[in-house]
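Since the structure comes first, as structure tokens, the remarks are kept for the end.
In this text the structure is predicted, and so the values were computed from the model without any measurement.
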Amino acid sequence: MLGESALEQQLAEARAALREVSRTVVPPERVESVAEAADGRIRVTVGVDGRLSAVDLDSRVLREGSEYLADELRRAVNAALDGQAEAVAGTEPMPDLAAMTATVERLQDQSLRQMREISTAISETMRKLQQRS
């Protein structure tokens, strides 16, 4: 069984390890994604910031009408966004290190409080037993 100081030391080490890992973990970077629609007459680019960075239209596509243009633009933008999602999907999901650290801290506080209560109860029981002898 671990003593109070040993338990406190182990939990402090776990907290330090989580802090260290959270400083070194880098979330996956987005990549630029390009997609085309309307037989290549529409080309859209989604930048590394996840926002639409370019829309290139061949003037011939404007003759197709606004409904066709809107549908093809939507298709191209969605395809470019899907391209970014696919690039990031191959990476491992990021654990929530801040939540893990908060949980370890909460557990440390609770376990130390409980350890003190148990120690106090044992000491009180031992004192009462010694008084009876």
Is there a path of hydrophobic side-chain contacts, each under 4.5 Å between heavy atoms of I/L/V/M/F/W/Y residues, joining [Y] to [X]?
{"X": "V34", "Y": "L81", "result": "no"}
{"X": "L52", "Y": "V31", "result": "no"}
{"X": "V77", "Y": "I42", "result": "yes"}

Non-neighbouring partners of [X] that pass side-chain hydrogen bond (donor to acceptor under 3.5 Å, both in side chains), sequence neighbours left out:
{"X": "Q110", "result": "none"}
{"X": "R60", "result": "D58"}
{"X": "R41", "result": "E64, Y68"}

Pairwise distance CG(N78) to CG(L73) - rounded to 0.5 angstrom: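 These two atoms lie 10.5 Å from each other.
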Listed once per pair and sorted, the salt bridge (Lys or Arg N to Asp or Glu O under 4.0 Å) pairs that draw on residues 98-113, sequence neighbours left out: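 Non-adjacent pairs meeting salt bridge (Lys or Arg N to Asp or Glu O under 4.0 Å): R15-E105.
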Salt bridge (Lys or Arg N to Asp or Glu O under 4.0 Å) partners of residues 123-133, not counting sequence neighbours, each pair once: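 Found E124-R127.
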Shortest non-hydrogen contact from [X] to [Y]?
{"X": "A35", "Y": "A80", "value": "CB-N, 3.5 Å"}
{"X": "V61", "Y": "A38", "value": "CG2-CB, 3.9 Å"}
{"X": "A76", "Y": "A37", "value": "CB-CB, 3.7 Å"}

Side chain to side chain donor-acceptor pair (under 3.5 Å) partners of residues 43-55, not counting sequence neighbours, each pair once: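 Non-adjacent pairs meeting side chain to side chain donor-acceptor pair (under 3.5 Å): E36-R43.
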